[in-house]
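What follows is a single structure, written as structure tokens, with notes after it.
Below, chains carry the letters A, B, ... as their sequence lines are ordered, and counting in each starts from 1.
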Amino acid sequence: MKTIREFEERLHKEIATGAIAGFTHLYAGQESIAVGVCENLTNDDYITSTHRGHGHCIAKGCDVIGMMKELYGRADGLCKGKGGSMHVADMDVGMLGANGIVGGGPPLATGAALAAKLDGKGEVAVSFGGDGSCNQGPVFEAMNIAAILKLPSIYVYENNRYSEHTHSSYVIASESIASRVEGFGIHTVKANGFDFFEVHEVMKELIAKAREGNGPCAVEFETTRFYGHFEGDPQNYRAPTELEDDRENNDCLKIFRSKVSEAGLLADEDLDNIDNEVLALIDDAVEQAQNSPAPTPDDVTTDVYVSY
Amino acid sequence: MKTIREFEERLHKEIATGAIAGFTHLYAGQESIAVGVCENLTNDDYITSTHRGHGHCIAKGCDVIGMMKELYGRADGLCKGKGGSMHVADMDVGMLGANGIVGGGPPLATGAALAAKLDGKGEVAVSFGGDGSCNQGPVFEAMNIAAILKLPSIYVYENNRYSEHTHSSYVIASESIASRVEGFGIHTVKANGFDFFEVHEVMKELIAKAREGNGPCAVEFETTRFYGHFEGDPQNYRAPTELEDDRENNDCLKIFRSKVSEAGLLADEDLDNIDNEVLALIDDAVEQAQNSPAPTPDDVTTDVYVSY
Amino acid sequence: MTEITFREALTNTLHQEMARDENVIVLGEDVVGGTGNPHVEPDFVGGVFGVTAGLYTKFGVERCIDMPISEAGIVGTAAGAALAGKRPVAEIMFCDFMGLCLDQLMNQAAKFRYMFGGKATCPMVIRTTYGAGMNAASQHSQSLHPLVTMIPGLKVVIPSTPADAKGLLTTAIRDDDPVIFFEHKTLYTISGDVPDGDYTVPFGKARIVSEGEDCTLVATGRMVSFCENAAQALSEDGISCDIIDPRTTSPLDEDAILDSVEKTGRLVVVDETPPRCSFACDVAALAASEVFSSLKAPIKQVTAPHSPVPFAKELEAAYVPSPAKIKDIVEQTVNYK
Amino acid sequence: MTEITFREALTNTLHQEMARDENVIVLGEDVVGGTGNPHVEPDFVGGVFGVTAGLYTKFGVERCIDMPISEAGIVGTAAGAALAGKRPVAEIMFCDFMGLCLDQLMNQAAKFRYMFGGKATCPMVIRTTYGAGMNAASQHSQSLHPLVTMIPGLKVVIPSTPADAKGLLTTAIRDDDPVIFFEHKTLYTISGDVPDGDYTVPFGKARIVSEGEDCTLVATGRMVSFCENAAQALSEDGISCDIIDPRTTSPLDEDAILDSVEKTGRLVVVDETPPRCSFACDVAALAASEVFSSLKAPIKQVTAPHSPVPFAKELEAAYVPSPAKIKDIVEQTVNYK
Ligand SMILES: Cc1ncc(C[n+]2csc(CCOP(=O)(O)OP(=O)(O)O)c2C)c(N)n1
Ligand SMILES: Cc1ncc(C[n+]2csc(CCOP(=O)(O)OP(=O)(O)O)c2C)c(N)n1
Ligand SMILES: [Mg+2]
Ligand SMILES: [Mg+2]
């Protein structure tokens, strides 16, 4: 979680300097979800992600340095500088891609789950999506298909209350995302996404069910994003004290740390050490990214096809 | 209802002779729905329809002779022979078109309902769709949009148990179409589509609600089709006695006639007279269609644009 | 060699490839038929054009999968399964429905490999039907190969004979890139000799349908036989034509086309799509750029008009390029001074 | 005349047309911004590129409508409202998302009038952004005007200046056919003189950007200024160019293009799409067919390569046609022997 947080905090700064081009959507604030979900997965399981994908990538095991290089558009980035923030992917760890198309991921997760079912090894596929994505037609189709084929897929909705600048209460015509999804005959849970431990528990059960062949399930997590929709967004559509309140009371990292400390799982010192390691990793990543080679014009036309 | 039935029965015969080209999907068996719905509408209300659209067209007031000419591909057909069975439309009576795209209609009905709402005259828009259409993404989107904007639209699902050759119990991952639609925060009713009077009652209430500004609603009608998915379909995917059973016990016309007689609303004689008038009309339509002029090659490129 | 129909060639190929590689799966609407009805055993239909007949009975419900009417969901499912190691062959009943699943084709399947820096493969085939000729009207008669030919990352195949149907479908299924496979509705019933056993036709390699001196005709699918008819009639007037069937519009066998135009000095491109931004334009522009000095006459296209496909028989017949019209344009081209 | 930005020209036009005709309504994702948050008054955003700013405040929630992320639903709603007498102007944030709503564009809006025998009108405008230049990568940088130019029943508009932005958008809103209106992301901030008051630019009428003798350049949108840059550099070498901006790719001002090529004898078409079945092919094929005898050199196209749009700055810069590359190709064309 800390790695994701610091990755994003650092990006926030680097982007302000103009060092990183393109549209970047930061995941800070939602870390407990990515990590709480992915801690229950192995490299053989699949995830699909969104435009706000850094957290999912890191949680699923994408190389942080390779990611930073990718965001800097370097030739040795995870995707050779061709994808950038919205398209980070790593097949080796079952990360089937961030996705610039809202609602693009769930049908792919359904497909990966179909493959997993055929392989018969108990793998699962998880799609991450936002509150806004739940209104996209292909997302409904994907869930229906998974349900009728009893596929091992889990549809995670991270409800951070906004799709871009529009409040989720306006665009979703139902009591909740969860209640609507339930109508698809899919077992659905609503949970607190601010608490890593709750996320982890909920997902443990859902993923186990999916692995056992009980068909798809879904979960709606309450959460918040600490930065704008994209970097540069002034966020004046948010309530005056909303962000401070969230940072104060709904910071999943603070909650995590205090729970860990209270339960005596780790000493403050150990936690600090981890934090310092993370900071060093991010520093290293940025430095390596800054010093990595840029791609060359010839790279434009490679990797379009396997063969052509 | 009788007009629709005879229109379809006659088509069934004419198509077998090769007189009518293209893909034709007969509505026979479902008449009570089209008529029970449209009897509650005026020319200022809108409907959108499907590939199985003849019944909706006739019920909404399209000219039967013009329709028959259209199916025969004549220059003076309702759509000048350009549309054919799957694209019959008549803006003058609020019939926004049969539709060859399954799920194509509901978003259009949502749009027409938006226009109706802006016009503020209490008009409504009804979309007809089959059980198969309810799995199409844009249909979900259309209902969600109508719900959040509180539009005067009604989504009618005619569940005839099959989408082409596939049984609806397999492809719809929910208890019922109705229960899933309800998840969209839309008031939804499930009703017996075999009984004209029940259809009429149910729709009367729903349409009145929509006219009064209470937002969209939906209804799932149980029904059956008496012919194949399209003309030429051997229907061997249906249970052995299914069709005979339906014709015997679930014929909406028989049910209508016996109810009307029982209630003493019309004498047998009067009903027979109506039937004879209908037969004469259909005979006339076919004869006129057979004798109508074919379109000419120059017509191919007209009507693409208003101006170009 | 065995004489079979275009449809049989496709069905046999699916059987053959599914038997060869257990990663090959088939999915689509009504590809089985009868699924879900508690009173019957399924496998009645095998796709509305009958191409997937028998696959369910042979390979089971796990590998021949009926899908709901959800084109985006179908292609997305296929693309996701392909990313995860399967080789799905999905059926989109009519290419007209591509408008519903284009995102999954254009922004997902076509771009994975590139966006992900060459590390993903998406070996899926989308089989679909196209073309006019059955009076199926505007939404069931379109020819949309240009729509996907323009998209980098996709390969586009249009067989015109039963043998090519087999050879190209085999290649498509074994190919590691996403392939859109167009089957002309009116060709299912044509017959022809098809090689037995394992048979592949490479992508990007045109078929030289006939050889001549005076004009090059380029056409795909149903239009190939229309060109053959026209050429037959033209030969009676002493005009002989090269007829080139590119077989795949992406990749395109540019050399075959250009070599021919260098020889004949004249080019007529025939296609049944509307004219704008079409495959006919594409081939014409190629020649106008690459073999300009060989050209003896304007490059002509014979296409459908800029209008939707009409329903009535008389209108549809006037809409589709006819052998007579092809003949006429070739004559004009050859007589150009 | 007032000097304003491209964005301001569009915003002003929307205000003007909504004031003029109460049937004009605007809908799209975040066209208001802030809707639904109980703690704030909306209208913070006015579209992610700010084009619809102020419409909500001025015309109210009934006529400026925030929509869920449902592109098919948005276009379908617009099309249905248009059939029922409204004049919706819907925003599809990036044209890349057309894959999600193409059915409603291609099979519904574009074909109503034809399928219904000329009795329906569907006066809707789809405003959308296109083009590379912001390092937005493969799914947010495409130029998809060929995709809709090929569809009979649609009109396609691409303004390149603030004045055209106003004049063409006004015409689009008043037009009775469905119009797809492409706005290049990088042009929003350019400034230029724009006529005050009521101002329309007709469809199908090219803008002659500059006149010359040696070569015809055809380009739209952002590529027009790239051609101007190239022409400027070429003029120093004594080469003068006609630059033609068709402004609408459908309908196309064929005469303006052909007249120019007849004069110069040379044609270079510039577009930032990939090359296959492109608008560049379309224009090249037109000239190769219609003014063959005037041609002195091969018709060349300067386009993006057959690949998705890459992310990294260096890659994107190499992907998009540059003034230098245009200059180079024009020189080759002019020097062709
Ligand atoms: C198909 C599509 N439509 C619109 C967009 C523009 N867009 C990018 S992110 C976004 C909001 C997504 O909201 P949500 O799903 O809640 O995710 P969040 O940004 O809150 O993580 C929108 C509208 C897009 N990328 N893709
Ligand atoms: C988008 C789309 N997909 C597939 C088809 C082919 N098709 C035509 S009708 C049909 C079945 C429709 O079933 P349902 O909605 O139940 O209507 P019914 O035929 O029973 O009236 C299908 C799959 C189509 N026309 N459009
Ligand atoms: Mg959100
Ligand atoms: Mg049905």
Side-chain angles (χ1 to χ4, degrees), chain B residues 46 48 70 77-84 86-92 94-101 103-119 123 125 127 136-146 148-149 151 153 299 301-308, chain D residues 22-23 25 27 35-36 61-63 65-88 90 100-101 103-104 106-124 152-155 175-178 202-204 250-251:
Chain B
Y46 303 101
T48 65
E70 183 60 29
L78 202 52
C79 303
K80 302 188 190 166
K82 288 179 176 173
M86 281 195 282
H87 308 298
V88 178
D90 188 348
M91 299 299 126
D92 291 341
M95 163 60 201
L96 304 184
N99 210 311
I101 301 297
L108 303 173
T110 297
L114 175 61
K117 187 179 177 191
L118 292 171
D119 288 339
E123 302 150 358
S127 85
Q136 196 70 285
V139 175
F140 293 113
E141 296 181 8
M143 293 190 298
N144 185 56
I145 291 169
I148 70 170
L149 301 181
L151 302 181
S153 47
D299 297 331
T301 50
T302 57
D303 299 322
V304 182
Y305 296 93
V306 177
S307 63
Y308 196 64
Chain D
E22 66 173 17
N23 283 322
I25 56 175
L27 62 166
T35 307
V61 66
E62 303 251 300
R63 294 182 60 203
I65 308 169
D66 261 342
M67 294 291 267
I69 310 180
S70 306
E71 280 76 12
I74 293 170
V75 176
T77 299
L83 273 185
K86 297 296 146 196
R87 294 189 169 273
L100 293 156
C101 54
D103 184 69
Q104 292 289 339
M106 173 173 80
N107 286 330
Q108 311 296 338
K111 293 183 171 45
F112 287 146
R113 188 168 185 80
Y114 193 78
M115 296 190 301
F116 302 166
K119 275 175 247 151
T121 58
C122 186
M124 73 172 189
L154 300 180
K155 292 175 177 171
D175 195 276
D176 283 332
D177 292 307
F203 288 174
S250 177

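Heavy atoms only, all atoms of each residue included: D:Gln104 and B:Gly104 are closest at NE2-O, 3.6 Å. The nearest pair of heavy atoms linking D:Ile65 to B:Leu149 is CG2-CD2, 3.7 Å. The heavy-atom pair separating B:Lys80 from D:Gly117 by the smallest distance is CE-O, 3.0 Å.
Rounded to the nearest 0.5 angstrom, B:Glu70 CD and D:Phe116 CZ are separated by 10.5 Å. With rounding to the nearest 0.5 angstrom, the CG atom of D:Asn107 is 8.5 Å from the NE2 atom of B:His87. One finds the CG atom of D:Leu83 at 5.5 Å from the CG atom of B:Leu96 (value rounded to the nearest 0.5 Å).
Of all the listed residues (B:Leu151, B:Ile101, B:Asn144, B:Leu114), the one sharing the greatest number of non-hydrogen pairs under 4.5 Å with chain D is B:Ile101. Interface summary for chain B: among D:Ala79, D:Ala120, D:Cys101, D:Pro123, the most heavy-atom pairs under 4.5 angstrom belong to D:Ala120. Between chain B and the options D:Gly73, D:Pro251, D:Gly118, D:Ala72, the largest number of non-hydrogen pairs under 4.5 Å is found for D:Pro251. Chosen from B:Asp299, B:Thr48, B:Asp119, the residue pairing most often with chain D at heavy-atom distances under 4.5 Å is B:Asp119. Chain B forms more heavy-atom pairs under 4.5 Å with one residue of D:Asp103, D:Thr121, D:Val75, D:Val61 than with any other, namely D:Asp103.
Of the possible donor and acceptor atoms, one in the side chain of B:Tyr305 sits under 3.5 Å from a partner among the backbone N and O of D:Gly153.
Neither the backbone nor the side chain of B:Asp92 comes within contact range of chain D; no heavy atoms are under 4.5 Å apart.
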Stepwise, does the side-chain hydrogen bond (donor to acceptor under 3.5 Å, both in side chains) test hold for B:Thr302 with D:Tyr114? CA-CA 8 Å; B:Thr302 57; D:Tyr114 193 78; over 6 Å; no
